[in-house]
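Each chain gets a letter, A, B and so on, in the order its sequence line appears, and its residues count up from 1.
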Number of protein chains: 2
Amino acid sequence: MPVRIPRTSLSTQAAAVLRSEIAQGAWGDHLPGERLLATRLGVSRPTLRAALETLEAEGWLERRQGLPTRVLEGGRRQSERNCTVRMLTPVPLRDMPPLTVCWMDELRERLAAAGHPLELVVSPATFTTRGERTLQRLERSHPGGVWILHLAPESLQRAFAARDLPALVAGSAAPGVPLPSVDLDYRAICRHAAGLVRARGRRRPVLLLPDTAAPGDAESAEGFLEGCPGARVLRHDGTPSGLCRQVRTVCKGREGADAVVVGRSVHALTVLTCLLGDGLRVPEDVAVISRDGDAFLGHAVPALTRYASDPRRWAALLAREALRLCEGVRTGARHRLMPDFVAGGTL
Amino acid sequence: MPVRIPRTSLSTQAAAVLRSEIAQGAWGDHLPGERLLATRLGVSRPTLRAALETLEAEGWLERRQGLPTRVLEGGRRQSERNCTVRMLTPVPLRDMPPLTVCWMDELRERLAAAGHPLELVVSPATFTTRGERTLQRLERSHPGGVWILHLAPESLQRAFAARDLPALVAGSAAPGVPLPSVDLDYRAICRHAAGLVRARGRRRPVLLLPDTAAPGDAESAEGFLEGCPGARVLRHDGTPSGLCRQVRTVCKGREGADAVVVGRSVHALTVLTCLLGDGLRVPEDVAVISRDGDAFLGHAVPALTRYASDPRRWAALLAREALRLCEGVRTGARHRLMPDFVAGGTL
DNA sequence: TTTGCTGGTCAGTTGACTTGACCAGTGAGA
DNA sequence: TCTCACTGGTCAAGTCAACTGACCAGCAAA
């Protein structure tokens, strides 16, 4: 009857888990970085390091500063494909636009209902380095599973396609990449916006976009020019001050812009407040339209005219395609959603 | 490959051991004394007592001071495995403030890691009907499980407490309700804001709150008056037009308010754009401080001065309390978080 | 009534674990 | 060649579960 409760320290448990996984060959010939490994185990780095030290002493690993930890002489059996779904994104959740968080949550729910967990992999390197490199690292640290690429540059999308990895693109799908994708129809949105602006008698419309290389932004520019040939498309650096500078230059004087279409909802907010602060009247002097539609835009005064998409439709499509990939079905379906136009007071 | 290391507290492990032993009838009809039992399990008495408390709550035991603890005939089978967590909220996800969506997502992730799915139950009736009625419907439609009450009015909170249902309050916990709760320390925030405003030489500060009956708003008003006795606290109807009307009345003329502290981040946005649109200078003529801190506020020009809380801490606390409830532990812990002050350009 | 058990409660301390930071070595790409 | 983003190596401050040791009140047999 006297059953003593075993006290195993966290690092001992971690060592046990890692030992069995290494034995199964789940990690290939190199372990992922300590920081990543620690968060995956749900354990702090010092704790993980204690576990790694015991494994090193047992002869499972070789560690050297500056190099990834090497797995020694393991019976490296192929691990079974465990179909977890991973969302690859360069931005942490709390810096995403609210609408994005919203569909991501919805997606998580739908996938969970189908028995597939959704894991968020935040990798800022996604944007900066070449696709090949990023992918190599990812394959090492997260073997197997289905990938959802969010805000991934074209190079990375192509790298996934080239290796025939199960992946789908959420937003900003580069043209010609043979991966299934779900995206807003930015070309149609911006063409519509440009037409609308012209119909209201605005003669000098401008499209403002961040200077990142998202394919959706390129589409936006094309659509805008289709709807209003000869209009201007300007890039900014994404900071409030940089955007303000751009706005002030563009809207100055009699020949300044009389309508601004803005990509990204937070930037639309920056533009609106900047204009109001400078004493310009919206929409009398300058009209503002937000290409993207977060809920908070409706609380500005005047409410921003915008294009609002339904996160549930978005998530439903993503979930369907992701589940197909889990089942091994490869399609190249390109879904283009057209959001609803929400008339505000800024046009 | 979700290889998370499970964190089971010592008392949970002890409870599990005892539960199985009781079920096997290993102890007869009375347990040995706590001191003896504790040393047998290799555990301290407080830890053992925590385990006994959960077993008592589950109906396995009957404890009375002075008497040995009695083992009840076939403690009722607790469907412990089936412990889904449900978030009850009056607002659908896409209408929530971004920060809320953010912590909700984080919470979902943490609970999923512990093997508990999170289900969102959207019930607008939560706000309109009496607590008793709402609860009856909920018990019928979603039997069992742990509840997280979000934006629930006091009547509903009390109804849950009265029926002794496993529930915890996320935000706006009514005082005196014996449920565990996690909330921002609105009193401290508003006291701080009031003091800050006074220190900057503002003489006529105003606190603007929606006219809903959220307990957090009442706390805010109290804190604000503590920090600046004699200041004004005004209510508005939550619509942009209604809020604007209020703002224009309050800030008009020489004797108008020279500083506005605003509850709810979207309302802070409304106030800022309304003031700027009316040609007032921020902060020269009127300072604006947002009590709540969503990320988009930083993209206004000037950036809003605000109090930003970390959604991860928030979610961590909620997850911990929810998991405790899943294990049958009832606490009345009231967690009050103090967010960080973010200096913007509106003060 | 006394004594010795039972459970009920608490303040103070310990120590494992977390957090966030900084450092130095390595190697791919500009 | 230099830069920069990774790697592992180190550390100090803070958090929190658990332990320790104590005292209290209820109960029942001596």
Checking B:Asp185 side chain against B:Met338 main chain: does a donor-acceptor pair fall under 3.5 Å?
no

Please list, for nucleotides 10-15 of chain D, all pairs of protein and nucleotide N/O atoms separated by less than 3.5 Å.
| from | atom 1 | to | atom 2 | distance (Å) |
| --- | --- | --- | --- | --- |
| D:dT10 | O4 | A:Arg45 | NH2 | 3.2 |

Give a yes-or-no answer on whether the side chains of A:Thr39 and A:Arg45 include a donor-acceptor pair shorter than 3.5 Å.
no

When A:Pro32 and B:Thr47 are each assigned the nearest nucleotide of DNA chain D, the 5'-most assignment goes to A:Pro32

Can you tell me if A:Thr69 touches the phosphate of D:dG8, counting only side-chain N or O atoms and a distance under 4.0 Å to OP1 or OP2?
yes

Classify B:Arg320 by what it touches in the nucleic acid, base, sugar-phosphate, or nothing, heavy-atom distance under 4.0 Å.
sugar-phosphate

Between A:Arg86 and A:Glu119, does any side-chain N to carboxylate O distance fall below 4.0 Å?
yes

Could you tell me the separation between the CG atom of B:Asp183 and the CH2 atom of B:Trp314, rounded to the nearest 0.5 Å?
5.0 Å

Between the first and last five pairs of the helix from C:dT1-D:dA30 to C:dA30-D:dT1, the angle of the axes, rounded to 10 degrees
0°

What is the separation between atom CD1 on A:Ile5 and atom C1' on D:dA18, rounded to the nearest whole Å?
12 Å

Donor-acceptor pair, A:Arg63 side chain versus A:Leu52 backbone, under 3.5 Å?
no

Using modelled atom types only, decide if a donor and an acceptor are shared between the side chain of A:Arg4 and the backbone of B:Leu41 within a distance under 3.5 Å.
no

Looking at every heavy atom in both A:Ser11 and A:Ala51, which two are closest together, and how far apart are they?
O-CB, 3.4 Å

Donor-acceptor contact below 3.5 Å, side chain A:Asp237 vs main chain A:Thr239:
yes

Are there more than 12 heavy atoms of other residues, nucleotides or ligands under 6.0 Å from atom CZ of A:Arg64?
no

Distance in angstrom units between B:Arg7 CZ and C:dC17 P, rounded:
8 Å

5' priority, DNA chain C, between A:Leu10 and B:Arg312 [closest heavy atom]:
A:Leu10

Atom pairs, protein N/O to nucleotides 24-29 of chain D N/O, distance under 3.5 Å:
| from | atom 1 | to | atom 2 | distance (Å) |
| --- | --- | --- | --- | --- |
| D:dA25 | N3 | B:Gln65 | NE2 | 2.8 |

Whether the side chain of A:Gln157 engages the backbone of A:Ala152 through a donor-acceptor N/O pair (distance < 3.5 Å, no angle test) should be reported.
yes

